[in-house]
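Accompanying notes for the structure given below.
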Amino acid sequence: MANINELLEELNPAQLKAVQHPPQIPLQILAGPGSGKTKVLTMRIAYLITYCHLPPSSICAVTFTNKAANEMRERLYKLLGKDRTSQIKMGTFHALCAMFLRRYSKTVGLDGNFTVCDADESKKMIAKLLKPYKELLTEKNMTLTENGALGFISKVKAKGWTADDARRYVEEMNALTPQERFVRTMGKFEPWEGEFGLILASVYKDYEKSLREANSVDFDDLLMFGVKLFAKHAKASSWCRHVLVDEFQDTNNMQYDLMVYIARASQCVTIVGDPDQSIYGWRSAEIANLGKMQQDFPATQQIYLEQNYRSTGSILALSLAIVSQDKGRIQKTLRASHAQGPPPVLRIFPIEQVEAAFIAAEIKRLVAFSGVRFNSLSRAIESALQKESIPNRVLAGHKFFERMEIKDVLAYLQLVDNPQYVPAFLRVVNVPSRAVGVKTINEITLRAQQLKISPLKVVERIVDGKIPDTKPPVKKKLASFVHTIRILRRHANGGIAPSKLINALVDSINYKEHLIKTQPDADSRWDNVQELVNFASEVEQNGPEDLVRRMFEADEALHEDVPENRDGEESQDDWEDGMHDFDGDQAEGLRASGDTPLRLFLQASMLSSDTETPEEEKSKEKVTISTCHAAKGLEWPVVMIPAVQSGVFPSTRAEDVDEERRLLYVACTRAKGLLYLTHTTARMMSGEFVPTHMSDFIGSLRDKKETRDLFTETLPSLPQPDRKTIATVTGRSLPDEAEVARRVSEYAKTARHPAWGDNAPFRETTMYTMDEDVVANWTPQSFPSVPLKTSGERNPAGGPGYRQDTVQPVSGPAAFSSSSSLLTTTQRAGVNTLICTTTTDGWSVQLKICCRQVHKQGVWRTAFDAGNQGKANASSSVSEPEHALTATVIGPLNERRAH
DNA sequence: AGATAGCACTTTTTT
DNA sequence: AGTGCTATCT
């Protein structure tokens, strides 16, 4: 175990002050990027335990992501040892609430086996609920999308309002005159006014009802029920003697309330935050919580951490200049600990493919990280990296758990744990296909409503012959389904490891075969299922149930207090029915505690974003592609931020421009040694080139004399002094001079882009519109006159979609026949697209995109293809026919012949 | 009931 | 620019 005294000596005065701050005086640590806040936070926890003698189980540490919680846990192992660390109540607000709600479910009117409903299922649920309102909405000439309704519900929930609260608010507002309303809302327009608002409130009510009926909660519910629990039940938080909240600037009202309630007994609070890094306003985060805390805890003191240990001086200077453009921000500074280093690079490119090629080429010289604004922007970069065979990984959030095959498996398990969870039932009744269609499902659902039991129950009873079969007969078709569920239920109640449960499931339903039959990429999907098994084993090894148990076992008060946690009537029924299926006795204890291995695994799957396999992945040197949001709290030696341009920074959809600027600030401050900002002059948006310009966040700095020199166009040549600086900043040893020379010459030999230092090749982009008569006389055959041979193949899976017809030119102009790449044509009803691509003269590459406008569904559309092999064509609406036909010539790209 | 083709919608960011 | 829903067909 590390010696804490020694570690305390390493801290700077401000850090030390923060760590040793008296626990009973509420503390705000305002910590700039790279100021060692995680270190301070973990040290403070260790300090509270070892010096202030707080029991570990009386400390609540809240992080923003579960990943951050795991990292902090790792650090604390070294300071406190595994035993004491595991008693600390640590996790996100969501995860902590989930754990408490399992224990106190009855107190807030939930069942202990509730399922956490993910955003995807929520959306499907809303879509279903919206249907009855469709007619009314069109009649009143209003539009309401799932996302609109979901956004409303989430916003309202962030205030802690139930559906009834929301309805009351809308009614109240509607009773006011427009002037009064204006005053009430402080001039802000709230789209949920009038009849529309009533509909929204009503949808929310339906949604709430559906969730409860399915014995499930969504992400926002976890917080809402958490608040309800702690507000109502003071003993639920009586164990707590100190609360620490990280990333406080990103907490919303519910989370703030949770903090206050958990701290109710002790009034001891430490928060760490940075208003400059507040980037979750769109998720109802409130920077104002900083001020609110000062009011609610009047003794609050602040400590500023402004010494930056992460980045070079020039990176900090630019970052600070960016964020300082926000005039309303709290004045704070950053002091560099390191040398100036090479200035950040700012470069311009015609289109994202070239931008990506540049990044890939530049990375060849550097171990780098690349931060993108949207996940959708990463595609070009990924493929460019692949072309250069640079290993990379995408810092993926939930993507893995959103895959169809993963959701299928999880749905079975959810259904086993929570028979009432209708979304899971609907997902898997017919997976693999059991010849159960919509009609049967509707019949079952109807019966379920009549009998006031879950659809699963209905099916079980039919199969058992307890109730008569439905009209499209179910008994035979669904016997295997019920059988599977019962096998799994028995295993689960016997406390089997979730990884084994998954194996039992895929065996029982022959899932692999099902994938092969229905999915063209069955192999990779099956790999994903195996990956899920791995994830499950990992969760088992880390022993979350053990961990959760230890978090709670020290709290005697809690044990006395656990309300009788019986399952609901519905499950009770299952219990009896399934009696012959499992030996219930040993399951009893687990059920009562609310933490079965299965339940914990499911919860981890829903709440975790930490999908990385630590050992093998982290040791490899890889380029990381991440969104700017996901990059928060992380750092890399080199950071490249593409698409720093209009429409992206700030996003066209953003409501808060200042927040967008802060996001760029967060991204820039991830860099230790080198920072690149690039942008393009055109961006492909839903099939059309839209001209873009440099982000104003950067442009305004470049246009001013005082700030112009904060960046450079020249690529860093990394002379020895710069190499030394970067080595220092990144904490790596200085590379050997001879080795550098050898690598540079090696690079020069193999580099496909020796000319990146020169801007010329990228400024030859032209976009123009073709003559109208060309448009008028265009036929698929006229340009070029190449007979095309098609070979359309249906999707072998039989599902929607088909392979694009890839054709070889049989004859034609030399330029085309000599082209080694593709000529693609797609013919879908009403859309004729001809794409001519890549001509090569050995010196340069020319990319031609030819498009044709087509009148379709009353609008003029442009049909074209960017020339990606095997990729589908795109079509998009355009207002004016004459703009529809465009040709873009880019080039010469680069490929210079070596002399 | 299942297959298919066309249509519509999204695409910010995450627990 | 890919995916999922729906109407229509088999």
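A, B, ... follow the sequence lines: proteins, then strands. Residue 1 opens every chain.
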Stepwise side-chain contact (heavy atoms from CB on, under 4.5 Å) check, A:R283 with A:F219: CA-CA 12 Å; A:R283 221 172 78 182; A:F219 288 123; over 6 Å; no
Protein-nucleotide distance (A:M404, atom CE; C:dG2, atom C1'), rounded to Å: 15 Å
Side chain proximity check, A:M640 to A:T678, heavy atoms < 4.5 angstrom: no
A:R599 NZ/CZ over A:F114 ring centroid, <6.0 Å and within 45° of normal: no
Protein-nucleotide distance (A:K124, atom NZ; C:dT6, atom C1'), rounded to Å: 16 Å
Rounded distance (Å) that lies between atom C1' of B:dT13 and atom CD of A:E659: 9 Å
Rounded distance in Å - CG (A:D220) to C1' (B:dT15): 9 Å
Between P of B:dT13 and CD of A:E660, the distance in whole Å: 11 Å
Under 4.0 angstrom between A:T440 side-chain N/O and B:dA1 OP1 or OP2: yes
Proximal nucleotide (of B:dT15, B:dT14, B:dA1) relative to the A:A435 side chain: B:dA1
Options B:dT14, B:dT15, B:dA1, nucleotide nearest the side-chain atoms of A:Y280: B:dT14
Euclidean distance, atom NE2 of residue A:H514 to atom P of B:dG2 [Å, nearest integer]: 11 Å
Nearest-neighbour nucleotide for the A:K123 side chain, B:dT11, B:dT15, B:dG2 considered: B:dT11
Closest to the A:A654 side chain, choosing from B:dG2, B:dT12, B:dT15: B:dT12
Criterion side-chain contact (heavy atoms from CB on, under 4.5 Å) on A:D221 and A:L211, from CA distance to verdict: CA-CA 10 Å; A:D221 280 336; A:L211 280 172; 3.2 Å; yes
Closest listed nucleotide, where the reference is the side chain of A:W282 and the choices are B:dA1, B:dT13, B:dT15: B:dT13
Proximal nucleotide (of B:dT14, B:dG2, B:dT15) relative to the A:H629 side chain: B:dT14
Geometric class of the A:H629/A:Y280 ring pair [parallel <30°, tilted 30-60°, perpendicular >60°]: perpendicular
Integer-rounded Å distance: B:dG2 P and A:R434 CZ: 12 Å
side-chain N/O A:S433 vs B:dG2 OP1/OP2, d < 4.0 Å: yes
Closest-nucleotide 5' rank along DNA chain B - winner of A:N430 and A:I279: A:N430
Nearest-neighbour nucleotide for the A:A630 side chain, B:dG2, B:dA1, B:dT14 considered: B:dT14
Options B:dT12, B:dT15, B:dT13, nucleotide nearest the side-chain atoms of A:S651: B:dT12
Atom-pair distance (NZ on A:K477; P on B:dA1), nearest Å: 6 Å
